[in-house]
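Here the structure is laid out as C-alpha coordinates; the discussion comes afterwards.
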Amino acid sequence: VSMLGSLRRLAELAQLLCEHTDGPVFVKDSTHRYRFVNEAAATLLGRRPQDVVGHRDSDLQPGAESLAFEENDRVCLDRDLPTMFRESQTTGGGERSFLVSKRPLHNARGKITGLVGAARDITDEIELQKLSRRRSDESRTWFELNPLPVVLFASADQRILKANAAAEKCYGYDRQR
(Lines give C-alpha, C1' and ligand atoms only; values in the text may rest on other atoms or scores of the structure.)
Protein backbone atom coordinates (compact mmCIF):
# COMPACT_ATOMS: atom_id res chain seq x y z
CA VAL A 1 0.00 0.00 0.00
CA SER A 2 1.51 3.28 -1.06
CA MET A 3 1.60 6.36 1.14
CA LEU A 4 -0.40 8.28 -1.47
CA GLY A 5 -3.04 5.54 -1.56
CA SER A 6 -3.32 5.61 2.23
CA LEU A 7 -3.70 9.38 2.23
CA ARG A 8 -6.40 9.20 -0.46
CA ARG A 9 -8.30 6.57 1.54
CA LEU A 10 -8.03 8.67 4.69
CA ALA A 11 -9.34 11.71 2.80
CA GLU A 12 -12.24 9.62 1.45
CA LEU A 13 -13.12 8.41 4.94
CA ALA A 14 -13.02 11.96 6.33
CA GLN A 15 -15.29 13.11 3.48
CA LEU A 16 -17.74 10.26 4.17
CA LEU A 17 -17.78 11.05 7.87
CA CYS A 18 -18.54 14.72 7.25
CA GLU A 19 -21.17 14.02 4.62
CA HIS A 20 -23.03 11.55 6.83
CA THR A 21 -22.97 13.64 9.97
CA ASP A 22 -26.34 15.24 10.77
CA GLY A 23 -24.86 18.48 12.05
CA PRO A 24 -22.98 21.18 10.18
CA VAL A 25 -19.24 20.57 9.72
CA PHE A 26 -16.89 23.06 8.08
CA VAL A 27 -13.26 23.97 7.50
CA LYS A 28 -12.10 27.57 7.07
CA ASP A 29 -8.70 28.98 6.20
CA SER A 30 -6.96 31.69 8.22
CA THR A 31 -8.77 34.39 6.20
CA HIS A 32 -12.13 32.90 7.28
CA ARG A 33 -12.94 31.52 3.81
CA TYR A 34 -14.70 28.18 3.71
CA ARG A 35 -12.53 25.38 2.33
CA PHE A 36 -15.06 22.64 3.05
CA VAL A 37 -18.69 22.44 4.19
CA ASN A 38 -20.88 19.41 4.47
CA GLU A 39 -24.45 19.38 3.17
CA ALA A 40 -25.90 20.32 6.58
CA ALA A 41 -23.71 23.44 6.82
CA ALA A 42 -24.53 24.51 3.27
CA THR A 43 -28.25 23.99 3.86
CA LEU A 44 -28.13 26.39 6.82
CA LEU A 45 -26.77 29.00 4.46
CA GLY A 46 -29.46 28.21 1.89
CA ARG A 47 -26.84 27.08 -0.64
CA ARG A 48 -25.07 24.07 -2.10
CA PRO A 49 -21.65 23.14 -0.68
CA GLN A 50 -19.86 24.14 -3.89
CA ASP A 51 -21.49 27.59 -3.69
CA VAL A 52 -20.13 28.15 -0.17
CA VAL A 53 -16.49 27.06 -0.61
CA GLY A 54 -14.16 30.01 -1.19
CA HIS A 55 -16.46 32.52 0.50
CA ARG A 56 -16.54 34.15 3.92
CA ASP A 57 -19.68 34.29 6.07
CA SER A 58 -19.90 38.03 5.34
CA ASP A 59 -19.92 37.28 1.58
CA LEU A 60 -22.79 34.83 1.96
CA GLN A 61 -24.94 36.57 4.56
CA PRO A 62 -23.94 40.18 5.20
CA GLY A 63 -24.99 41.42 8.64
CA ALA A 64 -24.51 41.03 12.36
CA GLU A 65 -24.73 37.22 12.38
CA SER A 66 -21.86 36.77 9.94
CA LEU A 67 -19.75 39.34 11.78
CA ALA A 68 -20.32 37.40 15.02
CA PHE A 69 -19.29 34.12 13.33
CA GLU A 70 -16.09 35.70 11.99
CA GLU A 71 -15.32 37.27 15.38
CA ASN A 72 -15.68 33.85 17.02
CA ASP A 73 -13.32 32.44 14.37
CA ARG A 74 -10.79 35.15 15.27
CA VAL A 75 -11.09 34.33 18.97
CA CYS A 76 -10.42 30.65 18.29
CA LEU A 77 -7.44 31.40 16.06
CA ASP A 78 -6.00 34.05 18.41
CA ARG A 79 -6.26 31.73 21.42
CA ASP A 80 -4.92 28.81 19.40
CA LEU A 81 -7.19 26.58 21.47
CA PRO A 82 -10.35 24.55 20.84
CA THR A 83 -13.22 26.84 21.75
CA MET A 84 -16.99 26.42 22.14
CA PHE A 85 -19.45 29.13 21.16
CA ARG A 86 -23.20 29.54 21.22
CA GLU A 87 -24.13 31.02 17.86
CA SER A 88 -27.55 31.96 16.49
CA GLN A 89 -28.49 31.85 12.85
CA THR A 90 -31.62 32.92 11.03
CA THR A 91 -32.83 30.16 8.73
CA GLY A 92 -35.90 29.60 6.59
CA GLY A 93 -37.45 27.96 9.66
CA GLY A 94 -36.69 30.89 11.98
CA GLU A 95 -33.83 31.57 14.36
CA ARG A 96 -31.85 28.54 15.46
CA SER A 97 -29.24 28.30 18.24
CA PHE A 98 -26.12 26.19 17.88
CA LEU A 99 -23.37 25.00 20.14
CA VAL A 100 -20.33 25.34 17.86
CA SER A 101 -16.96 23.75 18.52
CA LYS A 102 -14.07 25.40 16.66
CA ARG A 103 -10.52 24.07 16.67
CA PRO A 104 -7.43 25.62 15.06
CA LEU A 105 -5.70 23.69 12.28
CA HIS A 106 -1.89 23.73 11.99
CA ASN A 107 0.50 22.86 9.20
CA ALA A 108 3.54 20.58 9.67
CA ARG A 109 5.59 23.52 11.03
CA GLY A 110 2.92 24.36 13.64
CA LYS A 111 1.63 27.49 11.89
CA ILE A 112 -2.13 28.07 12.14
CA THR A 113 -3.70 27.55 8.72
CA GLY A 114 -7.37 27.76 9.62
CA LEU A 115 -9.96 26.03 11.72
CA VAL A 116 -12.37 23.14 11.69
CA GLY A 117 -15.82 23.46 13.19
CA ALA A 118 -18.79 21.30 14.06
CA ALA A 119 -22.16 22.55 15.24
CA ARG A 120 -25.08 21.03 17.11
CA ASP A 121 -28.54 22.57 17.00
CA ILE A 122 -29.60 23.26 20.60
CA THR A 123 -32.72 25.32 19.82
CA ASP A 124 -35.17 22.72 21.13
CA GLU A 125 -33.14 22.21 24.32
CA ILE A 126 -33.13 25.96 24.98
CA GLU A 127 -36.89 26.16 24.41
CA LEU A 128 -37.45 23.26 26.85
CA GLN A 129 -35.31 25.01 29.47
CA LYS A 130 -37.33 28.21 29.03
CA LEU A 131 -40.60 26.29 29.31
CA SER A 132 -39.38 24.46 32.42
CA ARG A 133 -38.36 27.75 34.08
CA ARG A 134 -41.69 29.34 33.13
CA ARG A 135 -43.63 26.37 34.56
CA SER A 136 -41.55 26.46 37.71
CA ASP A 137 -42.20 30.20 38.09
CA GLU A 138 -45.93 29.68 37.49
CA SER A 139 -46.08 26.91 40.11
CA ARG A 140 -44.19 29.01 42.62
CA THR A 141 -46.49 31.99 41.96
CA TRP A 142 -49.60 29.80 42.26
CA PHE A 143 -48.31 28.36 45.55
CA GLU A 144 -47.23 31.65 47.13
CA LEU A 145 -50.18 33.80 46.00
CA ASN A 146 -52.95 31.25 46.42
CA PRO A 147 -55.56 32.65 48.88
CA LEU A 148 -56.36 29.08 49.96
CA PRO A 149 -54.12 27.20 52.41
CA VAL A 150 -51.63 24.96 50.61
CA VAL A 151 -49.32 22.57 52.49
CA LEU A 152 -46.79 20.22 50.89
CA PHE A 153 -45.99 17.09 52.88
CA ALA A 154 -43.15 14.58 52.53
CA SER A 155 -44.85 11.33 51.54
CA ALA A 156 -42.65 9.08 53.69
CA ASP A 157 -43.07 10.70 57.11
CA GLN A 158 -45.78 13.34 56.52
CA ARG A 159 -43.30 16.05 57.48
CA ILE A 160 -44.32 19.53 56.26
CA LEU A 161 -42.01 20.58 53.46
CA LYS A 162 -43.61 23.87 52.64
CA ALA A 163 -46.69 25.93 53.49
CA ASN A 164 -47.95 29.11 51.88
CA ALA A 165 -48.93 32.29 53.74
CA ALA A 166 -52.64 31.32 53.75
CA ALA A 167 -51.77 28.00 55.45
CA GLU A 168 -49.68 29.83 58.05
CA LYS A 169 -52.59 32.13 58.82
CA CYS A 170 -55.26 29.39 58.79
CA TYR A 171 -53.36 26.71 60.72
CA GLY A 172 -50.95 28.86 62.70
CA TYR A 173 -47.99 27.14 61.03
CA ASP A 174 -44.67 28.96 61.33
CA ARG A 175 -42.41 28.55 58.25
CA GLN A 176 -39.32 29.40 60.30
CA ARG A 177 -39.69 26.29 62.55
Exercise for review: List the steps, then state whether side chain to side chain contact (heavy atoms under 4.5 Å, CB included) holds for R140 with R135.
Suggested key: CA-CA 9 Å; R140 190 171 21 263; R135 292 284 160 89; over 6 Å; no

Check your understanding: Can any side-chain N or O of R56 pair as donor or acceptor with the backbone N or O of T31 at less than 3.5 Å?
Key -> yes

Check your understanding: In Å and rounded to the nearest 0.5 Å, what is the NZ to OG1 distance from K28 to T113?
Key -> 14.0 Å

Exercise for review: Kindly say whether D137 contributes a backbone atom to a donor-acceptor pair with the side chain of T141 at under 3.5 angstrom?
Suggested key: yes

Review point. Is the closest side-chain heavy-atom distance between R133 and E138 below 4.5 Å?
Key: no

Practice item. Indicate yes or no for a side-chain donor-acceptor contact from T83 to the backbone of L81 under 3.5 Å, with no hydrogens or angles considered. Key: yes

Exercise for review: Please report the closest heavy-atom contact between A40 and D22, naming both atoms and the distance.
Suggested key: CB-O, 3.3 Å

Exercise for review: Start with the C-alpha distance between R96 and E87, add both sets of side-chain angles, then the distance that settles side chain to side chain contact (heavy atoms under 4.5 Å, CB included), and finish with yes or no.
Suggested key: CA-CA 8 Å; R96 307 296 295 176; E87 296 181 347; over 6 Å; no

Check your understanding: With a 4.5 Å limit on heavy-atom distance, are the side chains of E125 and R120 in contact?
Key -> yes

Practice item. Apply the test side chain to side chain contact (heavy atoms under 4.5 Å, CB included) to residues V116 and F36: give CA-CA distance (whole Å), side-chain angles for both, the deciding distance (0.1 Å), then the verdict. Key: CA-CA 9 Å; V116 61; F36 169 84; over 6 Å; no

Revision key, fill the gap. Minimal heavy-atom distance between S97 and T123, with the atoms involved, is N-OG1, 2.7 Å

Review point. Are side-chain heavy atoms of W142 and V150 found at a separation under 4.5 Å?
Key: yes

Exercise for review: Say whether, by atom type as modelled, one donor and one acceptor occur between the side chain of E65 and the main chain of T90 under 3.5 angstrom.
Suggested key: yes

**Study point:** Min side-chain heavy-atom separation P82-K102 under 4.5 Å
**Key:** no

Review point. Okay, side chain of E39, backbone of P49: is any donor-acceptor separation there less than 3.5 Å?
Key: no

Point to revise | Minimal non-hydrogen separation, A166 against P147, with atom names | key: CB-O, 3.3 Å

**Study point:** Distance (rounded to the nearest 0.5 Å) between I126 CD1 and E95 CD
**Key:** 9.0 Å

Check your understanding: What do you reckon, is CZ of R74 surrounded by more than 12 foreign heavy atoms closer than 6.0 Å?
Key -> yes

Exercise for review: Taking N38 for its side chain and V25 for its backbone only, find out whether a donor-acceptor pair lies under 3.5 Å.
Suggested key: yes

Exercise for review: Heavy atoms only: give me the nearest C76-P104 pair and the separation to one decimal.
Suggested key: SG-CD, 3.7 Å

Practice item. Give a yes or no answer on whether the side chain of R33 reaches the backbone of G54 with a donor-acceptor pair at less than 3.5 Å. Key: yes

Exercise for review: Just do the side chain to side chain contact (heavy atoms under 4.5 Å, CB included) check on R159 and F153 with the steps written out, would you?
Suggested key: CA-CA 5 Å; R159 182 174 34 92; F153 294 95; over 6 Å; no

Practice item. Report yes or no: do V27 and V53 belong to one cluster of Ile/Leu/Val/Met/Phe/Trp/Tyr joined by side chain heavy-atom distances under 4.5 Å? Key: no

Point to revise | Verify same cluster id: I122, M84 (apolar side-chain graph, 4.5 Å) | key: yes

Study note, to complete from the structure: To the nearest 0.5 Å, atom CG of D80 lies from atom NZ of K111 at 12.5 Å

Point to revise | Check: Q61 main-chain N/O paired with S66 side-chain donor or acceptor under 3.5 Å | key: yes

Review point. Is it true that V75 and F69 fall in one hydrophobic cluster, defined by side-chain heavy atoms closer than 4.5 Å?
Key: no

**Study point:** D73 side chain vs H32 backbone, donor-acceptor pair below 3.5 Å
**Key:** no

Review point. So which residues get pulled into L77's cluster when ILVMFWY side chains under 4.5 Å apart are joined, directly or through others?
Key: F26, Y34, V37, L44, L45, V52, L60, F98, V100, I112, L115

